[in-house]
Participant: 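Sharing a structure here in structure tokens format.
As the structure is a computational prediction, the values presented were derived from the model and not from experiment. Naming: A, B, ... by sequence-line order, numbering from 1 per chain.
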Protein chains: 2
Amino acid sequence: MAYKRTDAVAARLAQTRRQILKAARELVAEGGFNSAQVTEVAKKSGFATGTLYRYFTSKEDLCRQVFREVSTKEMNFLSTIAQGSGAPLERLEKVLRTFADRAVRGRRLAFALLSEPVDVHLAEERARFRQTHASIFAGLLDEAVEAGDIEPLNTAIAAAAMAGAVPTALIGPLAPQSHLLDADPARTVDEIVHFCLAAIGADTTAIQPAIKNEQRFIA
Amino acid sequence: MAYKRTDAVAARLAQTRRQILKAARELVAEGGFNSAQVTEVAKKSGFATGTLYRYFTSKEDLCRQVFREVSTKEMNFLSTIAQGSGAPLERLEKVLRTFADRAVRGRRLAFALLSEPVDVHLAEERARFRQTHASIFAGLLDEAVEAGDIEPLNTAIAAAAMAGAVPTALIGPLAPQSHLLDADPARTVDEIVHFCLAAIGADTTAIQPAIKNEQRFIA
DNA sequence: TCAGAAAATGAAAGCAGATTCATGATCCCA
DNA sequence: TGGGATCATGAATCTGCTTTCATTTTCTGA
């Protein structure tokens, strides 16, 4: 026993792991999970394929990590807004708008997370992602009902409907090759947000113009 | 040249083709496209795998046919309702309700058509399916706007949002193993329909109770 | 500096399917 | 009824990946 992992080595290992994840993430952001083949990730990260398997038990494992990393970032982002101050419906509007807005701007990545055809395992991860969106929406709807800002309704169902409506309304436009949205993305986002708010009986007369900062899905 | 295909033979060939499609369709209705492996379809239909390739150029081809057959039936169904008589919004409500209702009742097949993870080719087919739903919705929305029943809006976007909202709101419940919906499916459908109609500013006070006939996605 | 231990490598093996194709069965018409 | 044509068969092959693992390289503490 003449070997004990040094801090320096541990750091390097961690670094390697990060590099692999980064390479995979970038490939996903460019061409979806489809492009994240083991060989490609290896090449891009600068390590051998065998090496990847010292850090991840399988390709599936690697992809799941990537999905989680990226989606967690998005969810935290929305979650923070949801927990902010202001009337529940104002926060809901901001969350919806931010969601749609970031998806449009980070189109390729959003496509990968939301609608690219993927295998069952990633599909599960995606379902969780959607479910989390729905939870955030549902929480705000509950608050709004509680506050008497909207009529009582089944918030779980309404939230799920929103979680489906937003991405789908963007999907054609979200597909990598599509440029339908380039004309007037802000207007489209406005319409979608309006749709969701009206659906729950919220007053939509005061909907603000699109967000100005250039937020987007980021790899 | 001592062979010319007889009518009898042609009929048998057509019959075989139908049998293969039927076997595939049934497998899909039971376990999704995942279960429609060439070997399985062959076994179920009673023909050899090689035979399938005399009728379909590839597995992909076969699956696409199945998807089209089934989805076309659904779309025609909705389309007929959409072209019926009555106020546009009444027809829209009926279309939405029928869509949701049939999906709930023909859960497994609906899952396969709407949210099962599938490869790129079927995903394209699915996109078309969604797009058709959206077109039907959009047509009715246009009529409603035209008739002055609702305020003008971007009907394409609203329609796409509905096409996403309905399946997603059902999805947890739609997944084959889920039984969330068994408690009170009609109520859930009501909520979803209400959501969509409210979203476009339709008067929802007169929403009728659930449809009575036992319509469903049929293989 | 060296021996033992971990880490990295990438060519080869594995894998789960779809797809092919040589062979045998069936069919048609002269 | 026979020979040429189509049809059906299913074991063997092909395919595009992921995954393994014997070998090489790097690291550690004595």
Side-chain angles (χ1 to χ4, degrees), chain A residues 1-24 27-28 31-67 116-122, chain B residues 1-24 27-28 31-67 116-122:
Chain A
M1 49 144 183
Y3 182 92
K4 181 150 176 289
R5 190 182 283 178
T6 301
D7 281 0
V9 170
R12 180 167 56 76
L13 295 186
Q15 164 74 354
T16 297
R17 192 188 153 88
R18 260 179 272 118
Q19 285 179 304
I20 295 171
L21 277 170
K22 181 175 175 230
L27 284 172
V28 170
F33 284 96
N34 215 298
S35 314
Q37 286 164 210
V38 177
T39 318
E40 293 304 306
V41 176
K43 196 188 301 175
K44 178 139 191 165
S45 67
F47 296 97
T49 59
T51 305
L52 306 210
Y53 284 84
R54 296 185 56 73
Y55 291 84
F56 303 90
T57 65
S58 64
K59 178 204 149 120
E60 180 202 319
D61 180 33
L62 170 58
C63 283
R64 195 180 15 239
Q65 299 296 335
V66 170
F67 195 105
E116 182 193 1
V118 294
D119 69 52
V120 267
H121 302 98
L122 277 188
Chain B
M1 47 135 185
Y3 182 92
K4 182 149 176 291
R5 190 182 284 177
T6 300
D7 280 358
V9 171
R12 179 168 57 75
L13 294 187
Q15 164 75 353
T16 297
R17 192 189 152 88
R18 260 180 273 118
Q19 285 179 304
I20 295 171
L21 277 170
K22 181 173 175 233
L27 284 171
V28 169
F33 284 95
N34 216 300
S35 313
Q37 285 164 211
V38 177
T39 318
E40 294 303 307
V41 175
K43 196 188 301 173
K44 179 141 191 164
S45 67
F47 296 96
T49 59
T51 305
L52 305 211
Y53 284 84
R54 296 184 56 72
Y55 292 83
F56 302 91
T57 65
S58 64
K59 178 206 150 118
E60 179 201 320
D61 180 32
L62 170 57
C63 283
R64 195 182 14 242
Q65 298 297 334
V66 170
F67 195 107
E116 180 193 2
V118 294
D119 69 52
V120 267
H121 302 97
L122 277 188

Participant: By nearest nucleotide on DNA chain D, pick out whichever of Thr49(B) and Val9(B) is the more 5' one.
Facilitator: Val9(B)
Participant: Which nucleotide in the list dT6(D), dA8(D), dA7(C) gets nearest to the side chain of Arg5(B)?
Facilitator: dT6(D)
Participant: State whether Thr51(A) places a side-chain N or O below 4.0 Å from either non-bridging phosphate oxygen (OP1 or OP2) of dT9(C).
Facilitator: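 Checking Thr51(A) against dT9(C): at least one side-chain N or O falls below 4.0 Å of OP1 or OP2.
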Participant: At 4.0 Å (heavy atoms only), tell me whether Tyr55(A) reaches a base, stays on the sugar-phosphate, or touches nothing.
Facilitator: sugar-phosphate
Participant: Using heavy-atom distances to pick each residue's nearest nucleotide on DNA chain C, tell me which of Tyr53(B) and Arg12(B) is more 5'.
Facilitator: Tyr53(B)
Participant: What is the separation between atom CG on Leu13(B) and atom P on dC27(C), rounded to the nearest whole Å?
Facilitator: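 Those two atoms, CG and P, are 11 Å apart.
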Participant: Whole angstroms only, please: what is the CZ-P distance between Phe47(B) and dA25(C)?
Facilitator: 18 Å
Participant: Using a 3.5 Å distance criterion without hydrogens, assess whether the side chain of Arg64(A) forms a donor-acceptor pair with backbone atoms of His121(A).
Facilitator: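 No: the side chain of Arg64(A) does not pair with the backbone of His121(A).
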Participant: Quick check against the 3.5 Å criterion: does Glu116(B) have a side-chain atom that pairs as donor or acceptor with the backbone of Phe33(B)?
Facilitator: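 At least one qualifying donor-acceptor pair exists.
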Participant: Taking atom P of dC27(C) as reference, at what distance in whole Å does atom CG of Asp7(B) sit?
Facilitator: 15 Å
Participant: Check every atom of dT19(C), dA8(C), dC28(C) against the side chain of Lys59(B) and return the nucleotide holding the closest atom.
Facilitator: dT19(C)
Participant: Rounded off to whole Å, could you give me the CZ-to-C1' distance for the Phe33(B) and dG17(C) pair?
Facilitator: 18 Å
Participant: Between dA8(D) atom C1' and Gln15(B) atom CD, what is the distance in whole Å?
Facilitator: 16 Å
Participant: Examine distances only and state if a side-chain atom of Asp7(A) and a backbone atom of Ala10(A) form a donor-acceptor pair shorter than 3.5 Å.
Facilitator: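 Not a single qualifying donor-acceptor pair exists.
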Participant: Rounded to whole angstroms, how far apart are CG on Leu62(A) and C1' on dT19(D)?
Facilitator: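 Distance, rounded to whole Å: 14 Å.
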Participant: Going from CZ on Phe56(A) to CG on Leu21(A), what distance comes out if it is rounded to the nearest 0.5 angstrom?
Facilitator: 3.5 Å
Participant: Can a donor-acceptor pair be found between the side chains of Gln15(B) and Arg18(B) at a distance below 3.5 Å?
Facilitator: yes
Participant: Using a cut-off of strictly less than 4.0 Å, decide whether Thr6(B) has a side-chain nitrogen or oxygen near OP1 or OP2 of dC28(C).
Facilitator: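 Looking at the OP1 and OP2 atoms of dC28(C), one of them is under 4.0 Å from a side-chain N or O of Thr6(B).
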Participant: Does a nitrogen or oxygen in the side chain of Lys4(B) sit under 4.0 Å from OP1 or OP2 of dC28(C)?
Facilitator: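 The answer is no; no side-chain N or O of Lys4(B) sits under 4.0 Å from OP1 or OP2.
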Participant: Take atom CZ of Phe56(A) and atom P of dT20(D), then tell me their distance rounded to the nearest Å.
Facilitator: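 Atom CZ in Phe56(A) sits about 15 Å away from atom P in dT20(D).
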Participant: If you look at every strand shown and take non-hydrogen atoms under 4.0 Å, does Val38(B) touch a base, only sugar-phosphate, or nothing?
Facilitator: base
Participant: Given atom OH of Tyr3(B) and atom C1' of dT26(C), what is their separation to the nearest angstrom?
Facilitator: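 From Tyr3(B) OH to dT26(C) C1': 8 Å.
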Participant: What nucleic acid atoms does Glu60(B) come within less than 4.0 Å of, heavy atoms only: base, sugar-phosphate, or nothing?
Facilitator: nothing
Participant: Identify, between Ala8(B) and Ser58(B), the residue whose nearest nucleotide on DNA chain C lies closer to the 5' end.
Facilitator: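 It is Ser58(B), whose closest nucleotide lies nearer the 5' terminus.
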Participant: Does OP1 or OP2 of dT20(D) have a side-chain N or O of Arg54(A) closer than 4.0 Å?
Facilitator: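 Checking dT20(D) against Arg54(A), no side-chain N or O comes under 4.0 Å of OP1 or OP2.
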